[in-house]
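In what follows, every chain begins at residue 1, and chains take the letters A, B, ... in the order their sequences are listed.
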Amino acid sequence: MNQYLEHLNEPQKEAVEHTEGPLLILAGAGSGKTRVLTNRVAYLIDACGVAPWNIMAITFTNKAAGEMQERVEKMVGSGSGVWIATFHSSCARILRRYIDRIGYETNFTIYDTDDSRQVMKTVISRLNLNPKVYKERGILARISAAKNELIDPEMFRREAVTSDDCNIADAYRMYQQILKSNNALDFDDLLVKTVELFQSDPEVLAYYQEKFRYIMIDEYQDTNTAQFLFVKLLADRYRNICVVGDDDQSIYKFRGANIRNILDFEETFGGAKVIRLEQNYRSTQNILNAANDVISNNSARKEKHLWSDHGAGAKIRFRRFDTAYDEADFIARDIAERAASRKCPYSSFAVLYRTNAQSRMFEEKFVRENIPYKLVGGVNFYARKEIKDLLSYLKTIDNGMDDLACQRIINVPKRGIGQTTVGRIASFAAQQSVSFFEAALRAEEIPGIGRSASKVAGFTNQIERYRAMTDYLGVRELLETIITETGYRTDLEAEKTPEADARLENIDELISKAADFEETGGGAGLSEFLQQVSLVADIDTVDDTTDCVLLMTLHAAKGLEFDSVYMAGMEDGTFPGYLSINSGDPTELEEERRLCYVGITRAKKELTLTASRTRVVRGELYNMRTSRFVREIPDELIEMDQETGYGMRRDDRKEEQAQGYAGASRSVKTKMPAFRPRDFKVVKADHLDYTTGDRVRHVKFGEGTVQSIVEGGRDYEVTVNFDKAGVRKMFASFAKLEKLS
DNA sequence: GTTAGAAACAATCCT
DNA sequence: TGTTTCTAAC
């Protein structure tokens with residue numbers, strides 16, 4: 001038997017061997033689809049003699065792409081040449097080569113959400129739209145939705161009926177104009193423009209159709225219309241398309257994912273073969289049963305029969321606490337205890353929650369318990385101010401048309417170029433219809449610019465020098481030059497605050513990423529570096545070599561698995577989120593339920609669900625009911641907590657009536673200001689354990705010496721000279737300083 | 001032109 | 001609660 005068929009079950013084998021024609025693999029959670037995909041690639045190359053460069057595999061994350069690439073290379077030898085990438089990177093790669101055929105330049109910039117918002121702000125003010133009615137985020141959401149459906153500004157305009165829609169259509173058109181004049185694309189454009197390129201240039205399309213004779217798409221249930229068309233166009237010639245997905249794991253409707261893509265696959269690609277993978281190799285039967293019970297409450301889905309031969313395993317634990325504080329505390333301690341007693345690595349644990357805002361408390365508790373952890377998501381590394389500043393330098397150097405990047409750094413670090421000057425340059429640029437940078441080059445011509453002209457010239461000279469340097473300097477060296485010469489580093493070093501130090505660390509990290517890129521990038525240039533950097537997802541930065549607990553949202557956990565999973569915040573209003581409860585659209589609740597299904601099925605051996613009776617949302621405290629999803633799991637699968645009595649799973653009668661903030665309406669929320677978790681921190685201690693001159697430890701700043709203690713009305717104000725973090729003033733009740741003997 | 005402090009405002013999930 | 005924008009003073 002072929003080596004790539006060994007250790008596979010029957011349907012898996014069938015999936016690997018079915019190489020010609022359209023194939024739909026309905027792969028339940030944990031059914032070994034990644035294995036099937038990698039083996040299928042290897043099988044195509046080794047057994048069918050397909051050239052590696054004729055194969056394309058689309059994965060959901062860069063991380064998954066990297067892992068798959070690695071595994072394939074291990075099987076068929078290194079340098080396989082198979083194209084394995086995400087939709088977005090694939091499109092970026094294609095556009096880097098051919099976008100000049102549709103009127104952009106190949107060194108285009110990719111705008112992130114932040115950049116898009118900036119652009120939209122100008123659009124709103126230029127169109128004189130009422131900013132009270134038209135928020136950037138809202139308009140951008142509409143535009144994004146349109147792009148996902150491949151609706152361009154003209155079509156949007158034609159279909160607009162209300163005056164509101166007309167305004168949005170105008171905004172959409174102007175937004176695209178600005179992007180184009182900046183030679184920039186937003187995330188959605190990457191797909192839209194690639195499809196546009198394929199549709200308008202038969203030569204390019206034919207080239208890629210010929211190239212990608214075998215196409216595989218993972219997580220097909222989460223593709224949107226633009227992605228579907230991209231795939232459809234590419235596969236049209238050879239029709240060797242294999243898609244893998246699970247309709248129960250479709251969790252990206254908000255991003256335009258169209259579940260019809262997977263449901264209609266057989267019709268779209270006539271004669272498609274369908275294979276179901278229903279044996280689960282990941283979880284115990286208890287976990288699987290819980291997942292099945294929850295998901296069976298959804299109506300629109302393909303029935304499946306997932307089973308496992310791993311045995312029943314441990315019951316699912318459910319714990320309920322008074323506050324989210326206690327909840328986080330329990331999870332941190334529980335993990336610490338289990339990791340120690342079982343001698344299992346921290347990386348076998350994960351804490352999953354619905355929203356990033358929930359992560360804060362876990363971080364705090366994990367620091368306190370000394371548990372190594374990695375927070376996935378939150379503020380994206382590349383969204384940090386210092387990183388965006390430096391990247392804007394690179395963008396300005398790389399793409400002189402990117403006005404946004406240029407305006408961002410023209411006065412960073414301070415060069416004495418203020419708003420008024422920037423405004424004058426911008427209007428001159430508009431009037432002459434040149435880019436902002438070009439206008440800056442001709443600063444002397446700008447009326448009223450006065451003495452600032454020389455300052456502007458200093459900036460443009462600097463940028464032009466850097467541009468010349470790109471010929472002989474790599475990205476890393478260029479970055480280092482910028483950081484030193486502009487004084488960016490010295491400015492931060494002079495600050496001597498922990499925040500500035502953190503920024504410096506981030507900058508060093510960026511430099512090492514640049515160095516990394518130089519080593520592995522094969523001589524690729526600045527545009528490629530910037531592209532790679534703009535397309536990294538949070539989850540991509542997780543490396544499995546460091547042993548730590550992962551904290552992340554349920555969305556980010558997709559595709560991952562852990563021995564022990566903690567799902568926190570199992571409350572109506574938190575999860576499912578109140579928006580989905582109050583929307584009146586049952587499909588939104590079903591999507592949340594699928595998210596719950598995804599979460600449960602991440603667990604291999606152990607699943608712990610936790611909830612809190614109260615939760616602070618935007619500074620206000622609400623009473624919470626246990627999540628309906630918890631109640632959808634039958635009693636016999638759940639082990640409750642006897643010791644503390646916190647485990648009462650069903651809310652008692654009274655609580656059932658008490659209105660959580662997810663209740664029928666928002667007005668019935670219960671405010672309990674006296675109970676705010678913050679409040680009992682502000683209670684002044686009657687005495688302090690330490691006094692002036694004592695050595696103390698702070699959870700964040702480390703060790704230091706107490707310089708003075710001032711008794712204030714509500715609290716003691718303590719001044720501490722920390723060894724690492726310097727002198728800090730703080731309130732005793734917040735600082736929780738610990739005396740060192 | 002720059003800064004800090006106050007007021008206003010916000011609403012998942014992600015490339 | 002946390003962040004961004006506005007305003008007033010340096």
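- The aromatic rings of A/Phe362 and A/Tyr353 sit parallel, their planes meeting at an angle under 30°, below the 60° perpendicular limit.
- Taking only side-chain nitrogens and oxygens, A/Arg360 comes nearer than 4.0 Å to OP1 or OP2 of C/dG2.
- Defined by atom type and a distance below 3.5 Å, a donor-acceptor pair is present between the side-chain atoms of A/Thr109 and A/Asn399.
- Side-chain N/O atoms of A/Lys253 include none lying less than 4.0 angstrom from OP1 or OP2 on B/dC13.
- Protein atom CD of A/Glu590 is 22 Å distant from nucleotide atom P of B/dC13, rounded to whole Å.
- We find that A/Asp389 and A/Arg503 are not joined by a salt bridge, their nearest charged nitrogen and carboxylate oxygen being 4.0 Å or further apart.
- Minimum atom distance to the side chain of A/Leu535 is reached by B/dT15, of the listed B/dT15, C/dT1, B/dT2.
- For A/Asp491 and B/dT2, the CG to C1' distance is 14 Å, given to the nearest whole Å.
- Annotation: side chain of A/Phe381 is not in contact with side chain of A/Asp538 (no heavy-atom distance under 4.5 Å).
- Rounded to whole angstrom, the span from the CD atom of A/Glu136 across to the P atom of B/dC9 amounts to 13 Å.
- Here B/dT15 is the nucleotide among B/dC14, B/dA11, B/dT15 with the atom lying nearest to any side-chain atom of A/His88.
- With rounding to whole Å, A/Phe187 atom CZ is found 16 Å from B/dC13 atom P.
- The distance between atom CG of A/Asn148 and atom C1' of B/dC14, rounded to the nearest whole Å, is 11 Å.
- Side chain of A/Arg255, nearest nucleotide from B/dT2, B/dC14, B/dT12: B/dC14.
- Note on A/Phe87: nothing from the nucleic acid sits closer than 4.0 angstrom, heavy atoms only.
- An OP1 or OP2 oxygen of B/dT2 is reached within less than 4.0 angstrom by a side-chain nitrogen or oxygen of A/Asn411.
- The residue among A/Gly418 and A/Ala537 whose nearest nucleotide of DNA chain B is located toward the 5' end is A/Gly418.
- For the pair A/Lys132 NZ and B/dA10 P, the computed distance is 8 Å after rounding to whole Å.
- The pair A/Glu590-A/Arg301 fails the salt-bridge criterion, with no side-chain N (NZ, NE, NH1 or NH2) lying under 4.0 Å from an Asp/Glu carboxylate O.
- In the set B/dC13, B/dA11, B/dT15, B/dT15 carries the atom at the smallest distance from any side-chain atom of A/Asp538.
- Between A/Lys63 and A/Glu67, at least one side-chain nitrogen of the basic residue sits less than 4.0 Å from a carboxylate oxygen of the acidic one, meeting the salt-bridge criterion.
- Using a 4.0 Å cut-off, some side-chain N or O of A/Thr553 falls inside it from OP1 or OP2 of B/dC14.
- A stacked arrangement is assigned to A/Phe254 and the six-membered base ring of B/dC13, with a centre-to-centre distance below 5.5 Å and an interplanar angle below 30°.
- Remark: A/Asn356 is in phosphate contact with B/dC13, judged by side-chain N or O atoms under 4.0 Å from OP1 or OP2.
- Considering only side-chain N and O atoms, A/Lys135 lies nowhere under 4.0 angstrom from the phosphate OP1 or OP2 of B/dC9.
- Note: CE (A/Met361) to P (C/dT1) measures 10 Å, nearest angstrom.
- Atom pair A/Tyr578:OH and B/dC13:P shows a separation of 11 Å (rounding to whole Å applied).
- Contacts of A/Thr86 with the nucleic acid, taken as non-hydrogen atoms under 4.0 Å apart, are absent.
- Interface remark: the A/Arg137 side chain does not form any donor-acceptor pair with the B/dA10 base, using a distance-only criterion of under 3.5 Å.
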